[in-house]
Structure formats: C-alpha cells, structure tokens
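Notes follow the structure.
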Amino acid sequence: KKQVCMFHQRGRKTLATFFVFVARSGHSLGNLNLKPIEHYFFSAKRLKAFRLKLGKVPAAHKEEWRCAQSEVRWIQSHCQQQQKEGKEIVQTFCSHINSRLFQHKPLQYILGTEYFADLEIKVKPPILIPRWETVLWCTWLEDQLKSLQTPMVILDIGTGTGCIALYLATKLPHAIVYGLDINPIAVDLAKENWKANGEPKNLKYFLADICEDIFPEALEALVGRVDIIVSNPPYIPQSKILDKSVSNWEAENALFSGDDGTDLHLEIMRKAKRLLNTNREKELKNVPSIVMEIDGQHQQAKLTDASHQNNFLIDFH
C-alpha cells in the first residue's frame, strides 16, 4: 500500500512522460524495447532509467505533453472513483494506460463518457464517439429552430449515442424528436443516455435502416410528418486511412460511406422526399429541411448536383 501511495504522489510525471511519446508526439520508441507499463511500475530504478532515455521534451511538443498529463490525470481520477482497493486501482490504472498506449483505445471509451455541449453522454465501442464539431452545427440549428412558433417533428438519422437527438429534444421542448439507427447496440446506448439525462418526454429512439425501400412500422408512421431531418452520417471515403484510435475501435459503417464518402447523404436525400412535410413557416424563415455533416469541400459538387435532382436548395457552412 505504501508503494501505491508513493506512485500516485510521485509517479504521475513519469507515467505522463511515457504516455505522451507513444500516444501523442509521433516519435518512434522502437529502440527502447518498451514493455507494458506494469513492467515499470514497481521499479523506481527502471523508471528513472526510462525517464533518462526519453531525454528532454522538444519545445515543439510542450502542448502534447500537457495534453498527455491531463489524460493521465483523468484516467487516474476515473480509477479512484470506482472505489476499489488500492491494489485494484493500480491494476486498473495500468490496464487503462496499456490499452491507451498499445491498443490505441480512445480516452472516451476508457472513461466511459464524453460531453456533448452540456450533456454527459455514455460511450462504448463500437458506437461513434460524439465530436465537438457536431456540437457547433447543433447549437446553430437550435438558434434557427427557436424562431419557429409551430410545433415541429425532427428526425435524427444514424443517431449513434443519441447525442444529437437528445440535445435538440432538451433545448427545444416544443419539438418532437425521433432518433433511428441500424445498429441495435446504438439504439440501446441512446436509450441509456436518454435515461441518464432526464428522460425527456419529447424524444424516442427506434431501430431502422433508412436504406431499405420498405420502411419499418416506426419509420412508416413518420412519412409526410417530418419537418427537419438531421444527421451526422458516415462521410469518410473508403480508401482513406484513419488513425488506429479510430479505425480499430469505431464501427466501420459509422465512418465510411462509399468511394467518396457521400453514399448515405444521397440516400437520405432520396428518402427525405417521402418523410418531409410542407412547413410554410419554415420556408418563410429560411430554416433548412435537412442538415447533414460532411467531410469537406471535395464533396460539395456531388451533393449540390444531387440536391438539385431531388428539388432541394443547398448551402454549406
């Protein structure tokens, strides 16, 4: 127990040093013949030797070091909050650090949560981790929809953790929000997040595949009733190579969408014609009918052509 206490007090800096070089800086450490962190844990002499091998931190990587130290502190705090015995805390801590370093496990999956604006969202593999850029357009859309006086129906396609639908439902209590996903694990996780965030009565999740020609009952019930479709669909081209912390952990069908990353965007536009209603107030106030996240400018031309073919005006932000 004394060794455990000493490690928590004195070993944090050493562990952060090890962590940043593998996970953040991009430096090659192959010549150090590294072993999992537990092999270094109880030997102060070996830890000191390891620290000397790493040498001083280059000025260009100071920020990466600070980020790594923060991550280590979060993992340490997470382990302590699990209320285990001292030795169990050490073992869990080492296991988490090893999975972060050697298995490239995202920090959010280790901690089990990620914030989406002011919502704490539960996350677990392989369901896509919420990203901060999605928060940006959700808050923008919130401002747009607050100007509408009439009740509205919002459909979130590919809801994943349920974060988008949950955010809009909590911020727009006059709206009725639905979230669908093809993955039953995602739907179950979205329902967990619904329960953990106050169980808003204006939100419902269900299992459905938007690509099917015949809608399931829950989706068929929304035909001609939806005011706004939102989605953070898979938008990465199939040939793009991703960081292992993404490709090894998050579901492929939540990341990739055909050769140029637009397959699901096109499918959503085609199906939108059946789902959307005519909302005169929305049109007068120039509120969009479909809001989707994309990868970048290289996809704009194809999506513009498709929108015209489906009688939609399109804008990019």
Side-chain angles (χ1 to χ4, degrees), residues 116-119 130 133-181 190 193-194 197-206 208 210-211 215-233 235 262 264-294 299-300 302-317:
F116 189 83
D118 56 350
L119 299 173
E133 56 266 30
T134 307
V135 176
L136 295 180
W137 64 258
C138 281
T139 54
W140 171 85
L141 181 61
E142 175 198 351
D143 291 338
Q144 298 287 309
L145 299 183
K146 280 182 175 178
S147 66
L148 299 181
Q149 301 299 316
T150 56
M152 70 192 80
V153 175
I154 303 171
L155 176 62
D156 176 23
I157 296 176
T159 198
T161 61
C163 58
I164 296 174
L166 186 58
Y167 178 84
L168 294 175
T170 55
K171 300 300 181 182
L172 303 166
H174 61 293
I176 301 172
V177 185
Y178 297 90
L180 69 82
D181 204 286
N193 282 314
W194 173 76
N197 285 276
E199 301 185 2
K201 295 180 180 180
N202 59 333
L203 173 58
K204 182 179 180 180
Y205 296 105
F206 61 90
I210 194 66
C211 296
F215 286 167
E217 183 178 350
L219 190 56
E220 185 66 34
L222 295 178
V223 169
R225 293 182 50 213
V226 177
D227 295 290
I228 298 166
I229 293 173
V230 296
S231 182
N232 180 19
Y235 53 63
T262 62
L264 193 55
H265 297 80
L266 302 179
E267 189 64 31
I268 289 172
M269 276 194 270
R270 285 191 288 268
K271 297 298 172 55
K273 293 186 291 185
R274 291 175 58 188
L275 293 165
L276 290 170
N277 64 17
T278 302
N279 186 319
R280 184 62 178 161
E281 183 190 9
K282 183 182 67 176
E283 293 177 3
L284 289 173
K285 294 186 177 180
N286 202 30
V287 174
S289 296
I290 308 174
V291 179
M292 295 187 287
E293 196 167 318
I294 67 171
Q299 296 173 329
Q300 290 184 4
K302 186 172 184 178
L303 293 175
T304 299
D305 290 342
S307 68
H308 293 160
Q309 293 172 13
N310 288 281
N311 297 318
F312 291 114
L313 297 175
I314 193 167
D315 194 12
F316 298 98
H317 293 270

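Keep in mind the model is a prediction, meaning the values are calculated, not measured.
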- Query: Hey, mind stepping through K302 and H265 against side-chain contact (heavy atoms from CB on, under 4.5 Å) and telling me if it holds?
  - Reply: CA-CA 10 Å; K302 186 172 184 178; H265 297 80; over 6 Å; no
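- Annotation for A169 and N202: closest pair O-ND2, 3.0 Å, computed over non-hydrogen atoms.
- Between A190 and Y205, the shortest heavy-atom contact is O-CE1, 3.4 Å.
- The side chain to side chain donor-acceptor pair (under 3.5 Å) search around N310 returns K273, not counting sequence neighbours.
- When the salt bridge (charged side-chain N to carboxylate O under 4.0 Å, His left out) test is applied to E267, the partners found at least two apart in sequence or on another chain are R270, K271.
- Rounding to the nearest 0.5 angstrom, the gap separating the CE atom in M269 from the CG atom in L264 is 10.5 Å.
- Contact annotation: the side chain of T139 never approaches that of K171 to less than 4.5 Å [non-hydrogen atoms, C-beta and beyond].
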- Message: I294 vs Q300, test: side-chain contact (heavy atoms from CB on, under 4.5 Å). Steps then yes/no.
- Response: CA-CA 9 Å; I294 67 171; Q300 290 184 4; 4.2 Å; yes
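- Distance check: K282 NZ to N277 CG gives 6.0 Å after rounding to the nearest 0.5 Å.
- For Y167, the side chain to side chain donor-acceptor pair (under 3.5 Å) partners at least two apart in sequence or on another chain are E142.
- The backbone N or O of Q149 lies less than 3.5 Å from a partner atom in the side chain of E281, making a donor-acceptor pair.
- Contacts of R225 classified as salt bridge (charged side-chain N to carboxylate O under 4.0 Å, His left out), with partners at least two apart in sequence or in another chain: none.
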Using residues 151-166 as the side-chain source, report each donor-acceptor pair under 3.5 Å to any protein atom, sequence neighbours left out, with the distance given to one decimal.
unit_1: D156; atom_1: OD2; unit_2: T159; atom_2: OG1; d: 2.8
unit_1: T161; atom_1: OG1; unit_2: C163; atom_2: N; d: 3.4

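- Residues N193 and L119 are not in side-chain contact: their nearest non-hydrogen atoms beyond the backbone lie 4.5 Å or more apart.
- Within 6.0 Å of atom CG in N286, 12 or fewer heavy atoms from other residues, nucleotides or ligands are found, so the atom counts as exposed in its surroundings.
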- Task: Any chance you could lay out the side-chain contact (heavy atoms from CB on, under 4.5 Å) test for L276 and I290, step after step, and finish with the verdict?
- Result: CA-CA 9 Å; L276 290 170; I290 308 174; 4.2 Å; yes
- Query: Checking side-chain contact (heavy atoms from CB on, under 4.5 Å) for the pair I228/N279: CA distance, chi angles, key distance, verdict?
  - Reply: CA-CA 10 Å; I228 298 166; N279 186 319; over 6 Å; no
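- To the nearest 0.5 Å, atoms CD1 (I268) and OG1 (T262) are separated by 11.0 Å.
- In this structure, D227 CG and T278 OG1 are separated by 10.0 Å, a value rounded to the nearest 0.5 Å.
- Side-chain contact between N197 and T170 is absent, with no heavy atoms from C-beta onward closer than 4.5 Å.
- Shown here for A208 and L180, the closest heavy-atom pair between the two residues is O-CD1, 3.8 Å.
- Within the 4.5 Å cutoff, no side-chain heavy atoms of L219 are placed close to those of Y178.
- The line from CD1 of I176 to NZ of K204 is 11.5 Å long, rounded to the nearest 0.5 Å.
- Within 6.0 Å of CD on E133 lie more than 12 heavy atoms contributed by other residues, nucleotides or ligands.
- Heavy atoms only, all atoms of each residue included: W194 and P200 are closest at NE1-O, 2.8 Å.
- Interatomic distance, CZ of R274 versus CG of L222, reported as 11.5 Å (0.5 Å rounding).
- Residues forming a side chain to side chain donor-acceptor pair (under 3.5 Å) with E293 (at least two apart in sequence, or on another chain): T134, W137, Y235.
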